[in-house]
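The model shown is predicted, which means the values in this text are computed figures rather than measured ones.
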Amino acid sequence: MSTAIRVEHLSKRFGAHDAVCDISFHVEQGEIVGLLGPNGAGKTTTIQMLLGLIEPTAGRIEVLGYDLARQRTAVLQQVNFSSAYVSLPPRLTVWENLDVFARLYGVPRHRERIAELLAEFEIAHLRDRPVGTLSSGQMARVSLCKALLNRPRVLFLDEPTASLDPDAALRARERFKAIRARDGLAILYTSHNMAEIEAVCDRVIFIHRGRILAEGSPLEVTRQILGAAVDEPDLEEVFIQVARAGEAIPTTAGARPER
């Protein structure tokens, strides 16, 4: 596999506050990696830097072999993003919203592509509904359609199933894995649903107070935090312990997971 995302010594400071502190990691093409941590850990700031929305204070980001700082347009043509917390223009219909984004990305035969995605996510009947009238679950599906319009090679998913019912969330996760297998897509995935992360992600990067605390498979991360004797991944317990312990949990940045 080739490396889709490479982050080297990335930091971001807002005034006197260090939101992200000298983190380094990679995501391989065809890999789904979970970016986890309590609220305020630096996840959103990291993703915003990876999308070129804010500039790092220090460090380097390489996406698909391109240096984001110098080749931003080449990167953004091949990535996309979906978040449960980002709204689309509410007065435009589902079709109009997707049409605008498809044109911005220069999607070939974009009408056929929009129709294909609406059918795949079972919301073709909503195409003429203003986005502002949709339920949160329906809006989440529209956002996922938007994220896949340009057939990205790298996809950033921020709580993508947060507004979906359990059945719809399960089908969305199955689609992510199927698309990854079919297209070799690299996905960086954030969620507070630890069972979902265990089911979907090949590896996990757990950050706390802007630093990488542990990384590896869900089981390897569980062992790094809870102890080597653990037999099954338990990211929920990891999350709870880290959130409650605060500074008491030592950072293991740079440590290699067990093999």
- request: For His26 and Ile5, run side-chain contact (heavy atoms from CB on, under 4.5 Å): C-alpha distance rounded to whole Å, both residues' side-chain angles, the deciding distance at 0.1 Å, then the answer.
  value: CA-CA 5 Å; His26 69 278; Ile5 302 170; over 6 Å; no
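- Taking CG of Asp18 as the reference point, atom OG1 of Thr45 lies at 11.0 Å (rounded to 0.5 Å).
- Grouping the Ile, Leu, Val, Met, Phe, Trp and Tyr side chains by contacts below 4.5 angstrom, directly or via other members, places Leu53 with Ile23.
- Evaluated for a side-chain hydrogen bond (donor to acceptor under 3.5 Å, both in side chains) with Asn80, the options Arg151, Lys146, Arg153 yield exactly one hit, Lys146.
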query: Please walk me through it: do His110 and Tyr105 pass ring pair (Phe, Tyr, Trp, His ring centres under 6.0 Å)?
result: CA-CA 10 Å; His110 68 278; Tyr105 277 102; over 10 Å; no
field: From CA spacing to verdict: side-chain contact (heavy atoms from CB on, under 4.5 Å), Arg141, Leu134
entry: CA-CA 10 Å; Arg141 297 189 198 193; Leu134 301 181; over 6 Å; no
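- With contacts defined as side-chain heavy-atom distances shorter than 4.5 Å, the pair Pro218/Val221 does not qualify.
- Side-chain atoms of Lys12 come within 3.5 Å of backbone atoms of Glu55 as a donor-acceptor pair (strictly under, hydrogens ignored).
- The closest side-chain donor-acceptor pair between Glu28 and Thr3 falls under 3.5 angstrom.
- With 3.5 Å as the limit, one finds no donor-acceptor pair spanning the side chains of Thr190 and Glu159.
- Between Asp202 and Arg180, at least one side-chain nitrogen of the basic residue sits less than 4.0 Å from a carboxylate oxygen of the acidic one, meeting the salt-bridge criterion.
- The CZ atom of Arg203 sits 12.0 Å away from the CD1 atom of Ile32 when rounded to the nearest 0.5 Å.
- A salt bridge links Glu116 and Arg113; the closest N-O separation between the charged side-chain nitrogens and carboxylate oxygens is under 4.0 Å.
- There is a side-chain donor-acceptor pair under 3.5 Å between Ser82 and Ser143.
- Two different hydrophobic clusters hold Leu117 and Leu164 under the rule that ILVMFWY side chains link at heavy-atom gaps under 4.5 Å.
- Salt-bridge check for Glu96 with Arg91: failed, with every basic side-chain N at 4.0 Å or more from each acidic carboxylate O.
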Below 3.5 Å, can you tabulate the donor-acceptor pairs from side chains in residues 226-237 to any protein atom, sequence neighbours excluded?
{"residue": "Asp234", "atom": "OD1", "partner": "Glu237", "partner atom": "N", "Å": "3.2"}
{"residue": "Glu237", "atom": "OE2", "partner": "Gln241", "partner atom": "NE2", "Å": "3.3"}

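- By the neighbour-count criterion of 12 heavy atoms within 6.0 Å, atom CZ of Phe239 is densely surrounded, having more than that number from other residues, nucleotides or ligands.
- In this structure, the separation between SG on Cys145 and CD1 on Ile114 is 9.5 Å, given to the nearest 0.5 Å.
- If you chain together hydrophobic residues whose side chains sit under 4.5 Å apart, Leu88 and Leu126 fall into the same group.
- At a threshold of 4.5 Å between non-hydrogen side-chain atoms, the residues Phe121 and Val142 do not count as touching.
- A donor-acceptor pair is defined here as one N or O able to donate and one able to accept, closer than 3.5 Å; no such pair exists between the side chain of Arg173 and the backbone of Thr161.
- Asn97 places a side-chain N or O within donor-acceptor distance of the main-chain N or O of Thr93, the cut-off being under 3.5 Å.
- Among all heavy-atom pairs drawn from Gln224 and Ala214, the shortest one is OE1-CB, 3.2 Å.
- Minimum interatomic distance between Val27 and Leu188 (heavy atoms only, all atoms of both residues): CG2-CD1, 4.2 Å.
- Atoms CZ and CD1, on Arg244 and Ile240 in that order, are 5.5 Å from each other to the nearest 0.5 Å.
- Closest approach of Leu149 to Ala102, counting heavy atoms only: CD1-N, 3.8 Å.
- For the atom pair Phe156 CZ and Thr46 OG1, the distance stands at 10.5 Å (nearest 0.5 Å).
- Salt-bridge check for Asp22 with Arg211: failed, with every basic side-chain N at 4.0 Å or more from each acidic carboxylate O.
- Although no hydrogens or angles enter the test, the distance criterion places no donor-acceptor pair under 3.5 Å between the side chain of Lys43 and the main chain of Asp158.
- Between Val33 and Phe25 there is no side-chain heavy-atom pair separated by less than 4.5 Å.
- Within the 4.5 Å cutoff, the side chain of Ile197 has heavy atoms near those of the Tyr189 side chain.
- Note: Asp183 CG to Gln29 CD = 10.0 Å, rounded to the nearest 0.5 Å.
- Gln78 contributes no side-chain N or O that, together with a main-chain N or O of Val75, makes up a donor-acceptor pair within less than 3.5 Å.
- Minimum interatomic distance between Val20 and Leu10 (heavy atoms only, all atoms of both residues): CG1-O, 3.4 Å.
- Taking the side chain as every heavy atom from C-beta outward, Phe101 and Asn150 never approach each other to under 4.5 Å.
- Looking at Val242 and Phe206, their side chains come closer than 4.5 Å, going by heavy atoms from C-beta outward.
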- prompt: Between Leu155 and Leu157, does a side-chain contact (heavy atoms from CB on, under 4.5 Å) hold up when you go through it step by step?
  reply: CA-CA 6 Å; Leu155 186 60; Leu157 297 176; 3.7 Å; yes
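- Under the 4.5 Å side-chain criterion, counting only non-hydrogen atoms from C-beta, Leu35 is in contact with Ile47.
- Within the 4.5 Å cutoff, side-chain heavy atoms of Ile205 are placed close to those of Ile207.
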message: Working note: Val86 + Phe81, criterion side-chain contact (heavy atoms from CB on, under 4.5 Å); need CA distance, chi angles, decisive distance, verdict.
response: CA-CA 10 Å; Val86 174; Phe81 170 71; 4.0 Å; yes
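- Judged by distance alone, with hydrogens and angles left aside, the side-chain atoms of Glu220 form a donor-acceptor pair with the main-chain N or O of Ser217 at under 3.5 Å.
- Within the 3.5 Å criterion, the main-chain N or O of Ala195 finds a donor-acceptor partner in the side chain of Asn193.
- Ile187 and Ile179 fall within a single hydrophobic cluster, where Ile, Leu, Val, Met, Phe, Trp and Tyr side chains are chained together by heavy-atom contacts under 4.5 Å.
- Shown here is Glu112, whose CD atom has more than 12 heavy atoms of other residues, nucleotides or ligands within 6.0 Å.
- Between Ala186 and Ala4 the shortest heavy-atom distance is CB-CB, 3.5 Å.
- Of the candidates Ile61, Val79, Val7, Ile61 is the only one forming a side chain to side chain contact (heavy atoms under 4.5 Å, CB included) with Leu68.
- Here the closest heavy-atom approach between residue Ser191 and residue Leu36 is recorded as O-CD2, 3.6 Å.
- In terms of hydrophobic clustering, with Ile, Leu, Val, Met, Phe, Trp and Tyr side chains grouped at heavy-atom distances under 4.5 Å, Tyr85 and Ile54 are assigned to different clusters.
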